[in-house]
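Here is the naming used below: chain letters follow the sequence lines, and residue numbers restart at 1 for every chain.
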Amino acid sequence: MVDKYDPQEIERKWQQRWAEDGLYKVTEDSAKPKWYALTMFPYTSGDLHIGHWYAMAPSDVHARFKRMQGYNVLHPMGFDAFGLPAENAAISRGIHPFNWTMQNIENMRRQLKSIGAIYDWSREVFTCLPEYYKWTQWFFLKLYESGLAYRGKAPVNWCPHCQTVLANEQVVEGFCERCGAAVGRRDLEQWFFRITKYADELMEHNGIDWPERIKTMQRNWVGKSVGTEISFALDHPGVDGREIRVFTTRPDTVFGVTFMVLAPEHPLVAELTSPDKRAEVEEYVARSQRQTEIERLSTEREKDGVFIGAYVVNRLNGERVPIWVADYVLLGYGTGVVMGVPAHDERDFAFAKRYNLPIRVVVAPPGWRGEELEEAYTEPGTMVNSGQFDGLPSRQGIEAISDFLEEKGWGKRAVTYRLRDWLISRQRYWGAPIPMIYCPDCGIVPVPEEDLPVLLPEDAEFKPTGESPLKYHEQFVNTTCPRCGVPAKRETDTMDTFMCSSWYFLRYASPDCDNAPFDAERVRYWLPVDLYTGGAEHAVMHLFYARFFIKALRDMGLVDFDEPFSRLFNQGVIIVERQKMSKSRGNVITPDEYVSELGADAVRAYLMFVAPWEQGGEWDDSGISGISRWFNRVWNLVAGGYEQKITGLVLKRLKGEQIDIEQAERQLSRLTHQTIRKVTDDLERLRFNTMLAALMEFTNYLARVKEEGAVDVSGWKEAIDTLLLLLAPTAPHLAEELWQQTGHSYSIHNQSWPKWAEELAKDEEITLVVQVNGKLRDRIVVPASMTEAEARQAALESQRVKAYLEGKEVINIVYVPGRLVNLVVR
RNA sequence: GGGGAAGUGUCGGAACUGGCAGACGAGCAUGACUUAGGAUCAUGUGCCGAAAGGCGUGGGGGUUCAAAUCCCCCCUUCCCCA
């Protein structure tokens, strides 16, 4: 008897061999079509859990499949290595972010290697190394030169106790995570990327195969609305402006305006508030600054606000309209002012009800007789109470009023976006320093390219408050102006880590390039990414920023494609005990123990088997043994050998049954080819679970054949070779071992993917289903070549069916070729 | 509140373009072998029924010769957005 299947042994052996031979080393090869398969690189959190495997194992299987199909496959791996947790570790445990990160990478790389993937480790990329962030900084300079980077004011979360800026995730229900103080807002000068310049193009996903869901989310993120900007007359002592401009998509409702709402941050609030309202308004504004945007916009919460004691005039009807301040209006959207039309907007309706403001119907619902509305009517209707526009359908009213406003110079058609420019400044240490210098004479001066990288100082001092050490690092901050040479100060903000991940996929093409971020030639060979896979949580931010980045680079002439990722696929989430895995819940499953016990091959296969990849599923210990058993069966099937030498057409007696050898061989060959077809098709479509089911069925069939000893050794060999080749992407170690044991030469992973012959895969016999009035009554095995007339005949002659036809008249016969006959009787 | 996805045995799931519901696996049950193992093999396993047969894909209605699949209404869960 041969040895037992010992995954630990063979996985160690082959991983070592593959590494020694550089089996998965990738070079550009113009003789082969290229395939760039990319899995989102992990953040250096410290441990690889089963969720990471769920992202990486199936994508590796697909990449291996493409490789066997003859593609030159690039399937790289690296680490997203900048970010806040490293800094928190520095503060709480006194370990430097660099060391913390590198230790985590060591551990994660070891775990990643146990997957047995085809990663070419010589192309590994870490975003936190100077060789990498030098180019992140270089891109910043290019964006600055192109006018896509600029400085502007933006609010940050500010903890008054720690005297520091907090990231959104450090603010827990309005309070500082560290000290518990109430978090306020504070305006800071910060750096932005002008992503809004590409708003329209980013809404389009031309020529790329992405899930509809993600495309919709990105379009909503851009949030384009087409409407009209309307001017309301302002006459206020001490205020220079003579108007307040409001953006609306519903100019047809302008006669229904009964109040005006300013965002609490709006500069006019302070100027317009009357003395008797000042205290109340100031308190309200202060309170609203402690709320997050999500809270402010929640429809659950009651809308509240304060009248500021000032008015504007609605030019269309000359009415005086009171101005309120309310936090359901955001400064960043539109003009930061909303015209309150309670009759035709739900939020305005709720607001008006609460403060007893008039609700005037100007778009009549069908059949409206002047009664009061129970709720806001937001649908189109007929215009009323709108002066000269009365009687118009409101859709036409939108155009008519817009025309009228433009004619009078009281407004103009406009487009606004929900999308705001990308704020990339972070008041943090552990990120790529923004390469800018502030000179007292020259102003803002970019660091010259040849001075890059601007290195993060190693001897940083981490304060318990979380304040950035860069601000107090004299050697870092103090420099000279590259233009005029006088003493100057460096920018101390670092870049958002999404900046690092916006171009890492370019770096993999030529990670060793040291005179440019990438080698243009090699990028032209590999990019764009053919298949990008990762979690749907990156549907907007990362994927959106990366697309912006590529479009900006394209316009600079640095790349020659429009979209970075040709096909996108989002895998689902692995849950444990019906909950998402998380450190705080303490339900994180680490693959290591399963790998050492059952083998990486089994873990890979099990993750793919539980559910369709896009769906995700529950990690359940008991299920994985099914995969282990299957691998054991494969092992016993193959490693046990097969010796039958059968020639010619003979009948073999086994268990008293006669087996027609020729037929058995034909059937085996048919199933072999059908399995190739099924597995290939499933892999193309990333349907790993059904692929495995097909392979299991094939295995079970082979076990029966072996027991019966019903085929010749040559037929058997073809079937076994095929099984191993089809199994190679999923269980690379097991397949390699058995490939060697069956006398083939190393390596199975350099073999071609098997091809099926349609002729051999064709069924000889089919099961014809016979229905009477749509109910299943009989199944008859018939030759696949049967004609319609023969099938009808066979159906009518079936003994079981005849009983149901007794005394009935057949009025119709439906025939579905190769499937069924339905007899319709009365 | 808006948008999206989903709901199928005890469990994970399968079912091409409307055509045999429950593939494959887990679990469970019975048996075999035994160098006792979380091993391997065999058989069974949607529900009701002794059987014939009937019922059955969240609930209700519809279209169709035929619906898990298409349409309408409702319920539930999850995700995203506001």
For the side chain of [X], starting at C-beta, report the closest nucleotide among [options].
{"X": "A/V814", "options": "B/C65, B/G38, B/U40", "result": "B/C65"}
{"X": "A/M696", "options": "B/C24, B/C81, B/G1", "result": "B/C24"}
{"X": "A/N700", "options": "B/C55, B/A26, B/C24", "result": "B/C24"}
{"X": "A/A693", "options": "B/G25, B/A23, B/G19", "result": "B/A23"}
{"X": "A/V816", "options": "B/G12, B/G19, B/A21", "result": "B/G19"}
{"X": "A/T216", "options": "B/U40, B/G19, B/G3", "result": "B/G3"}
{"X": "A/Y804", "options": "B/G19, B/G12, B/G53", "result": "B/G53"}
{"X": "A/R629", "options": "B/A23, B/G12, B/U40", "result": "B/U40"}

- Taking NZ, NE, NH1 and NH2 as the nitrogens, is one of them in A/K762 or A/E758 under 4.0 Å from a carboxylate oxygen of the other? no
- Could you check whether A/V769 gets within reach of a base, just the sugar-phosphate, or nothing at all, counting any heavy atom under 4.0 Å? base
- Give A/N822 one of three labels, base, sugar-phosphate or nothing, depending on what nucleic acid heavy atoms sit under 4.0 Å from its own. base
Nearest whole angstrom, please: distance from the [atom2] of [N] to the [atom1] of [X].
{"X": "A/D778", "N": "B/A52", "atom1": "CG", "atom2": "C1'", "result": "16 Å"}
{"X": "A/D681", "N": "B/A23", "atom1": "CG", "atom2": "P", "result": "21 Å"}
{"X": "A/M691", "N": "B/A14", "atom1": "CE", "atom2": "P", "result": "14 Å"}
{"X": "A/I624", "N": "B/A26", "atom1": "CD1", "atom2": "P", "result": "12 Å"}
{"X": "A/L543", "N": "B/C80", "atom1": "CG", "atom2": "P", "result": "15 Å"}
{"X": "A/Y606", "N": "B/G12", "atom1": "OH", "atom2": "P", "result": "11 Å"}
{"X": "A/Y815", "N": "B/C65", "atom1": "OH", "atom2": "C1'", "result": "16 Å"}
{"X": "A/Q771", "N": "B/A67", "atom1": "CD", "atom2": "P", "result": "9 Å"}

Establish, with yes or no, whether the OP1 or OP2 oxygen of [N] is under 4.0 angstrom from a side-chain nitrogen or oxygen of [X].
{"X": "A/R704", "N": "B/A42", "value": "no"}
{"X": "A/N570", "N": "B/C79", "value": "no"}
{"X": "A/Q615", "N": "B/A6", "value": "no"}
{"X": "A/R213", "N": "B/A6", "value": "no"}
{"X": "A/N689", "N": "B/A14", "value": "yes"}
{"X": "A/R633", "N": "B/C24", "value": "no"}

- Query: Where is the tightest heavy-atom contact between A/P264 and A/V325, given as atom of each residue plus distance?
  - Reply: CA-CG2, 3.6 Å
- Torsion-based syn/anti label for B/G25, 90° from 0 as limit: anti
Using the [atom1] atom on both, measure [N] against [M] and round to a whole Å.
{"N": "B/A5", "M": "B/A50", "atom1": "P", "answer": "45 Å"}
{"N": "B/C48", "M": "B/G9", "atom1": "C1'", "answer": "15 Å"}
{"N": "B/U57", "M": "B/C70", "atom1": "P", "answer": "15 Å"}
{"N": "B/A21", "M": "B/C41", "atom1": "C1'", "answer": "29 Å"}
{"N": "B/A29", "M": "B/G19", "atom1": "C1'", "answer": "35 Å"}
{"N": "B/C78", "M": "B/G12", "atom1": "P", "answer": "15 Å"}
{"N": "B/U63", "M": "B/A14", "atom1": "P", "answer": "31 Å"}
{"N": "B/G59", "M": "B/C75", "atom1": "C1'", "answer": "7 Å"}

- Note on the structure: Comparing A/W221 with A/S628, nearest RNA chain B nucleotide closer to 5' gives the residue A/S628
- In terms of the nearest nucleotide of RNA chain B, which residue is placed more toward the 5' end: A/L823 or A/R777? A/R777
- Message: Applying side-chain contact (heavy atoms from CB on, under 4.5 Å), can you list everything that pairs with A/L776, at least two apart in sequence or on another chain?
- Response: A/V769, A/R779
- Carefully, step by step, assess A/R677 and A/D681 under the rule salt bridge (charged side-chain N to carboxylate O under 4.0 Å, His left out). CA-CA 6 Å; A/R677 183 171 62 188; A/D681 189 49; over 6 Å; no
Grab the N/O contacts between the protein and nucleotides 15-17 of chain B below 3.5 Å, and write none if there aren't any.
| from | atom 1 | to | atom 2 | distance (Å) |
| --- | --- | --- | --- | --- |
| B/A15 | OP1 | A/R687 | NH2 | 3.2 |
| B/A15 | OP2 | A/R687 | NH2 | 3.2 |
| B/C16 | N3 | A/R819 | NH2 | 2.3 |
| B/C16 | N4 | A/R819 | NH1 | 2.8 |
| B/C16 | N4 | A/R819 | NH2 | 2.8 |

In the strands shown, is [N] matched to any nucleotide by a Watson-Crick or G-U wobble pair with both distances under 3.5 Å, and which?
{"N": "B/U57", "answer": "none"}
{"N": "B/U10", "answer": "B/A26"}
{"N": "B/C16", "answer": "none"}
{"N": "B/G49", "answer": "none"}
{"N": "B/C33", "answer": "none"}

- Item | Residue of the set A/F569, A/F65, A/W613, A/Y606 for which ring pair (Phe, Tyr, Trp, His ring centres under 6.0 Å) holds with A/F688 | A/W613
- Query: Centre of A/W221's six-membered ring, under 6.0 Å away, within 45 degrees of the axis: is that where NZ or CZ of A/R547 sits?
  - Reply: no
If we ignore hydrogens and angles and just use 3.5 Å, is the side chain of [X] paired with the main-chain N or O of [Y] as donor and acceptor?
{"X": "A/Q674", "Y": "A/A761", "result": "yes"}
{"X": "A/Q571", "Y": "A/T533", "result": "no"}
{"X": "A/D778", "Y": "A/R800", "result": "no"}

- Item | CA sep, side-chain torsions, deciding dist, call: A/R567, A/D209, salt bridge (charged side-chain N to carboxylate O under 4.0 Å, His left out) | CA-CA 5 Å; A/R567 183 179 175 196; A/D209 178 13; 3.8 Å; yes
- What is the ring orientation for A/F565 with A/H542, classed by angle as parallel under 30°, tilted 30 to 60°, or perpendicular over 60°? tilted
